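Heads up: the structure comes next, in structure tokens.
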Amino acid sequence: MHAFRKNTVPTGGRPLRLWPGVAAACLLALLRFGAPLVSSEPWAGLVSVGGGFAGAGAIVVWWTFFSRAPRAERWGAAALMAIALAATPRILHESVAMGNLGLQFFIYALPTVGLALVAWAVASRHLSPAPRRVSLVAAILLATGMWTLLRSDGLTGAGTPEFAWRWSATAEEQLLARAAGTPRVAPPAPPARPDADAQSTVGDGPAPAVAGRSLHPEAAWPGLRGPRRDGVVRGVRIETDWASSPPVELWRRPIGPGVSSFAVQGDLLYTQEQRGEYEIVSAYRVTTGEPVWRHRDAGRFWDSHVGAGPRATPAVGDGRVYTLGAAGMLNALDAASGDVVWSRHAATDAGAELPLWGFVSSPLVVDDVVIVYADSLAAYDLATGETRWSGPGAGGSHSSPQLLTIDGVAQVLLLTSGGVVSVAPADGQLLWEHPWPGIGIVQPVLTGEGDVLFSMVDAAAVPIGTRHIAVSRGPGGWTVEERWTASTLKPSFSSVVVHEGHAFGFDGRILASIDVENGERNWKGGRYGSGQLLLLADQDLLLVVSEQGDLVLVEASPDHHAEVARFPAIAGKTWSQPTLVGDTLLVRNGREMAAFRLATEQCRDKPWDVASLSPAFVGSALPGRHADGSGLHLFTRSSPGMALHTDASIS
């Protein structure tokens with residue numbers, strides 16, 4: 001810095017005062033790039049962006065008024081920067097122009113232009129006027145124009161763009177280019193509301209539909225966050241020594257963009273994805289990953305944060321799959337063939353406008369209705385698709401309806417922009433509500449005592465905290481009492497799980513645990529980005545999928561954060577909920593999906609109980625011990641109920 005305190009005289013010009021500009025550039029770089037390294041809290045992002053803007057402004061003020069540069073260079077540079085910053089957005093890729101609510105270009109270009117101006121001033125201080133001015137123009141145009149070469153494939157949970165070269169093929173474009181052939185078109189069943197743009201295509205060998213809803217087996221994973229929509233896996237204990245028994249990849253395949261997770265019934269998994277100008281509901285085999293059928297609806301939703309594709313997770317039950325597209329299309333499809341049973345445009349029914357982030361609510365099947373949120377709660381008859389009831393408006397909720405039993409009464413809860421509401425699933429009657437201004441994204445959960453735990457974010461999607469309420473029914477109706485509100489656990493993307501009096505979830509992008517009784521934090525540790533998690537309740541274990549696609553085992557203990565094992569599973573930003581059915585783990589993101597077999601304690605300690613195995617594992621390889629305990633073998637099962645046989649030995 002001392003070297004720049006001296007006046008430096010450009011050839012033919014006035015002496016330059018460089019040190020204030022260099023100091024401002026150093027401060028800009030420190031705040032813009034250093035703050036996110038110090039903390040992952042929201043304040044660090046605000047300091048980073050604000051520091052970039054303030055530093056760039058300080059550099060412009062220095063250059064214009066205090067640099068001692070010739071007037072033509074001072075005012076000419078300021079004017080050229082203003083023109084370049086105003087004109088460049090017209091030729092940016094749409095994803096960059098609209099990113100970060102339209103501010104992405106300025107968030108990155110302003111600091112870049114400021115740093116480029118200082119670097120130019122230092123490097124060109126000994127040049128003659130003509131080369132100086134030519135290089136000044138080049139520096140400014142390069143600092144702004146370089147952003148026209150990029151596109152953004154979305155933002156991470158920290159708000160950082162996933163930049164790629166503008167001309168490079170997206171993962172979706174590569175998928176479409178690799179797609180070979182078109183499966184035959186299956187004739188759709190008459191929908192409740194005709195949709196000329198909907199059709200289903202069938203792959204090889206779909207299982208025949210079973211007549212009669214009661215004959216369909218119960219879904220192992222009926223939809224969002226599992227059987228109870230609480231992120232808890234029961235009845236499964238896995239081997240945690242992944243150094244000796246790591247997850248075994250069963251298959252991996254590319255998939256269209258979207259953040260939908262999975263529903264699983266038998267050997268079929270269901271998810272949603274985007275392929276070109278069509279929203280796709282897909283069925284694949286759990287054991288092999290092979291496609292079985294696809295249903296498509298014309299339409300493409302995209303936003304600069306998530307990218308393209310559907311957001312909601314299908315619900316499966318009684319031989320049907322229920323899906324809500326990002327634009328509000330509600331489908332009931334035959335689970336075996338993908339044929340349309342009925343179709344409704346839930347957003348049109350509700351008179352709703354398309355939200356900024358699309359419709360993200362996952363359908364909920366309760367008794368003989370499917371309940372969805374599209375600006376307001378609504379229930380549709382499972383058999384006919386006719387509207388059974390319309391409930392209260394939610395004002396921009398990004399949460400999904402949640403079935404809970406409170407004080408012996410089954411009810412559907414939804415986080416809204418004003419708090420939480422509860423309605424009766426049979427008729428949509430409002431049971432109770434509790435105010436807390438904000439936006440609901442995650443799911444409410446029950447505590448062990450039957451109270452409700454839920455979290456909200458503010459209008460800027462910054463997490464607010466978690467609230468514990470006690471709900472009870474008396475002679476005078478329902479009463480709601482706030483027990484506590486705390487900022488010790490502030491989830492936004494991922495819902496929490498509750499285990500033995502403690503809640504586990506993401507405080508921002510760091511895993512944390514709090515005491516459900518008082519909201520006090522037990523611990524905070526483990527940077528997994530905007531990840532997702534499941535609780536293996538029988539084992540006091542959290543299964544975390546990090547935002548980067550790593551599988552991580554963490555002790556579900558209030559004592560401390562203890563990471564047990566880690567395994568790289570899937571590449572790229574991963575926001576979809578993981579799914580665990582038996583010992584098969586399914587993960588996906590907007591690029592690919594994969595299935596892994598997790599060694600279970602049953603495999604290690606005793607031979608397989610054939611009768612207990614899911615039909616999803618028919619014909620698949622299962623690791624286990626031989627009946628005499630002599631060694632580790634691979635077993636296969638050719639059909640349900642048949643004996644396992646040794647396929648290979650592992651020395």
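Since the model is a prediction, treat every value here as computed from it, not as a measurement.
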So how far is it from [X] [atom1] to [Y] [atom2], rounded to the nearest 0.5 Å?
{"X": "S282", "Y": "Q272", "atom1": "OG", "atom2": "CD", "value": "8.5 Å"}
{"X": "R285", "Y": "W251", "atom1": "CZ", "atom2": "CH2", "value": "12.5 Å"}
{"X": "Y284", "Y": "L269", "atom1": "OH", "atom2": "CG", "value": "8.0 Å"}
{"X": "H398", "Y": "F359", "atom1": "NE2", "atom2": "CZ", "value": "10.5 Å"}
{"X": "H295", "Y": "D334", "atom1": "NE2", "atom2": "CG", "value": "12.5 Å"}
{"X": "L446", "Y": "L453", "atom1": "CG", "atom2": "CG", "value": "9.5 Å"}

Could you tell me whether the side chain of [X] and the main chain of [Y] form a donor-acceptor pair under 3.5 Å?
{"X": "E273", "Y": "G256", "result": "yes"}
{"X": "T387", "Y": "W389", "result": "no"}
{"X": "S400", "Y": "S362", "result": "yes"}
{"X": "R311", "Y": "A326", "result": "no"}
{"X": "Q539", "Y": "I238", "result": "yes"}
{"X": "Q532", "Y": "P578", "result": "no"}
{"X": "E433", "Y": "V421", "result": "no"}
{"X": "T405", "Y": "G408", "result": "no"}
{"X": "D407", "Y": "R473", "result": "yes"}
{"X": "S399", "Y": "V442", "result": "yes"}

Any idea which heavy atoms bring [X] and [Y] closest together, and the distance?
{"X": "P437", "Y": "I464", "value": "O-CD1, 3.9 Å"}
{"X": "T323", "Y": "P314", "value": "CG2-CB, 3.7 Å"}
{"X": "I439", "Y": "A459", "value": "CD1-CA, 3.9 Å"}
{"X": "V369", "Y": "A379", "value": "CB-CB, 4.1 Å"}
{"X": "G391", "Y": "S376", "value": "O-CB, 4.0 Å"}
{"X": "P227", "Y": "A220", "value": "CG-O, 3.8 Å"}

Answer whether the closest heavy-atom distance between the side chains of [X] and [Y] falls below 4.5 Å.
{"X": "R229", "Y": "L364", "value": "yes"}
{"X": "V452", "Y": "V445", "value": "no"}
{"X": "M329", "Y": "R344", "value": "no"}
{"X": "L333", "Y": "Y322", "value": "no"}
{"X": "L535", "Y": "L541", "value": "no"}
{"X": "V306", "Y": "V259", "value": "yes"}
{"X": "E481", "Y": "T479", "value": "no"}
{"X": "T271", "Y": "R588", "value": "yes"}

Quiz item: Taking only residues at least two apart or on different chains, which pairs with a member in residues 437-446 satisfy salt bridge (Lys or Arg N to Asp or Glu O under 4.0 Å)?
Solution: none
Exercise. Look at atom CZ of R591 and say whether more than 12 heavy atoms of other residues, nucleotides or ligands are closer to it than 6.0 Å.
Key: no
Quiz item: Quick check: are there more than 12 heavy atoms from other residues, nucleotides or ligands sitting under 6.0 Å from CD of E592?
Solution: yes
Does a donor on one side chain sit under 3.5 Å from an acceptor on the other, for [X] and [Y]?
{"X": "D267", "Y": "T287", "value": "yes"}
{"X": "W432", "Y": "Q411", "value": "yes"}
{"X": "T600", "Y": "D583", "value": "no"}
{"X": "S455", "Y": "T466", "value": "yes"}
{"X": "H468", "Y": "D451", "value": "yes"}

Practice problem: Indicate the ring-plane relationship of Y270 and W293, choosing parallel, tilted or perpendicular according to the 30° and 60° boundaries. | Solution: tilted
Self-check item: Aromatic plane relationship, Y528 with F506 - under 30° parallel, 30 to 60° tilted, over 60° perpendicular
Solution: perpendicular
Exercise. Evaluate the side-chain contact (heavy atoms from CB on, under 4.5 Å) criterion for residues Q265 and W221: first the C-alpha distance (whole Å), next the side-chain angles of each, then the deciding distance (0.1 Å), finally the verdict.
Key: CA-CA 7 Å; Q265 185 167 13; W221 196 271; over 6 Å; no
Carboxylate-amine/guanidinium contact [X] [Y], below 4.0 Å:
{"X": "D381", "Y": "R388", "result": "yes"}
{"X": "D230", "Y": "R225", "result": "no"}
{"X": "D538", "Y": "R237", "result": "no"}

Self-check item: Cation-pi geometry met for R467 and W436 (6.0 Å, 45°)
Solution: yes
Quiz item: Ring centroid separation for W575 and F493, is it under 6.0 angstrom?
Solution: yes
Self-check item: Derivation and outcome, side-chain contact (heavy atoms from CB on, under 4.5 Å), residues T579 and V264
Solution: CA-CA 9 Å; T579 297; V264 178; 4.1 Å; yes
Self-check item: Criterion side-chain contact (heavy atoms from CB on, under 4.5 Å) on L377 and S390, from CA distance to verdict
Solution: CA-CA 6 Å; L377 280 172; S390 295; over 6 Å; no
Quiz item: Could you go step by step and tell me if I371 and Y380 meet the side-chain contact (heavy atoms from CB on, under 4.5 Å) rule?
Solution: CA-CA 6 Å; I371 301 172; Y380 294 87; over 6 Å; no
